[in-house]
Amino acid sequence: MTDQQEDIVAAENWDLIIHSLDRLSEGITIIDSEDKLVLYNTQAAEYLGLKRDQIGAGVSLHDLKNTHKNGEFDPGSLLMQQLDASRQGKPQFFERDLDGGRILSVRANPIPGGGVITLYTDITERKAFEKRLIDMATRDELTGLVNRREFFTLAHHEEERAKREGHIVSVMMVDADYFKKVNDTYGHAVGDDVLRDLSENCRKIFRKTDIVGRYGGEEFAIVLPGANEDMAKIIAERLRSSVAESAVKSDQGDVHYTISIGIACATGKDFKIEEVLDRADRALYTAKAQGRNRAVFDTAA
């Protein structure tokens, strides 16, 4: 076979390889020892934002880095990162969020000669499914807040942290006033809307570091790390006022409702979530006995 014939056969084999790779559901890139992108398939082009009619095989990663404006996704930098890590003998496996909410699984491994081969897999649906499973196990379906089991899991973690660091923690018990009357008057669907509205008010008032959960029925429990008595009272009043000013739509007109709040605090080794919850619960019943629509602090400790 002549050299020309060998070149023709090699070209045909290369076209066959490219055609086969384009049929894969995964993206694939191959970078050689000279920092050149020698191969990438259609899926990789889509994932990385490469335009195959503009960027051919053999392009330098250094040149590729200059094809995107500042602030845009830079495939050249990502590919160079994979190459550098692989040359240090560190195969990479990580996930990356893309524009449009898609999530890629990226697996980069070194190949003989100093290059790297990388596989890209779209795991958006898998991640969404995993999140749904986690939410089903940890979230209250009606309000979207953490459920009772997850609340105690997170609260016990905070309990251990408070014991290590010695900081103060406040706990609140919140209850919708006359909730049975709301259900009886307007129906359970409106009652559900009231609980959703209460949960939205909680999201507005409490910090991301606070643990807010549906404790059961119309009761909500909150753990506020680092909040002392004065802070807890201020936050409780914000929540009470926000709820009192809100309204839930119904076929019979706007539904206004109020809440009662019990508050308790503990510091460091004295913080035991079950005990502080009991104290907050007693303060909650005191608030109801005093006329509802108020916050009461437990001074037992």
Side-chain angles (χ1 to χ4, degrees), residues 1 3-139 144 208:
M1 183 180 293
D3 290 344
Q4 183 178 11
Q5 288 173 326
E6 288 179 353
D7 289 341
I8 293 172
V9 171
E12 289 176 348
N13 289 340
W14 185 253
D15 288 341
L16 180 61
I17 291 173
I18 296 295
H19 179 69
S20 299
L21 292 178
D22 279 342
R23 297 173 65 181
L24 294 176
S25 60
E26 292 185 312
I28 183 170
T29 59
I30 297 179
I31 305 167
D32 67 12
S33 59
E34 297 180 354
D35 301 351
K36 292 182 179 179
L37 180 62
V38 296
L39 183 148
Y40 63 96
N41 66 353
T42 300
Q43 285 288 18
E46 179 187 348
Y47 294 153
L48 296 173
L50 303 174
K51 298 181 179 179
R52 301 192 74 174
D53 57 338
Q54 298 177 7
I55 302 172
V59 64
S60 168
L61 299 189
H62 304 282
D63 294 335
L64 187 59
K65 289 174 63 176
N66 298 324
T67 62
H68 287 65
K69 298 177 181 178
N70 292 335
E72 290 186 0
F73 174 61
D74 182 359
S77 294
L78 175 61
L79 292 166
M80 185 64 77
Q81 171 191 340
Q82 297 160 14
L83 181 62
D84 291 342
S86 295
R87 283 176 176 168
Q88 296 172 26
K90 301 176 182 177
Q92 288 189 306
F93 176 78
F94 60 93
E95 294 171 2
R96 185 183 184 97
D97 293 340
L98 299 181
D99 293 338
R102 290 197 304 180
I103 304 173
L104 277 186
S105 165
V106 183
R107 291 166 287 171
N109 287 280
I111 54 178
V116 60
I117 182 170
T118 304
L119 294 178
Y120 307 84
T121 307
D122 190 331
I123 57 171
T124 308
E125 290 187 6
R126 193 189 83 195
K127 283 295 180 180
F129 179 68
E130 290 174 357
K131 183 180 184 303
R132 286 196 297 271
L133 290 180
I134 293 172
D135 285 346
M136 287 172 62
T138 61
R139 294 281 167 180
K208 290 184 178 180

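These numbers come from a predicted model, not from an experiment.
- A search for side-chain contact (heavy atoms from CB on, under 4.5 Å) contacts involving Ile134 returns Thr138, not counting sequence neighbours.
- Using a distance-only test at 3.5 Å, with no hydrogens or angles considered, a donor-acceptor pair links the side chain of Asp32 to the main chain of Lys36.
- Here the rule is side chain to side chain contact (heavy atoms under 4.5 Å, CB included) with Tyr40, and of Ile31, Thr118, Thr29 only Thr29 fits it.
- With sequence neighbours excluded, the residues that form a side-chain contact (heavy atoms from CB on, under 4.5 Å) with Leu119 are Glu26, Ile28, Arg107.
- The line from CG of Asp122 to NZ of Lys127 is 12.5 Å long, rounded to the nearest 0.5 Å.
- One distance of note links CZ of Arg126 with OG1 of Thr124; it measures 10.0 Å at 0.5 Å rounding.
- With sequence neighbours left out, Lys208 forms a side chain to side chain donor-acceptor pair (under 3.5 Å) with no residue at all.
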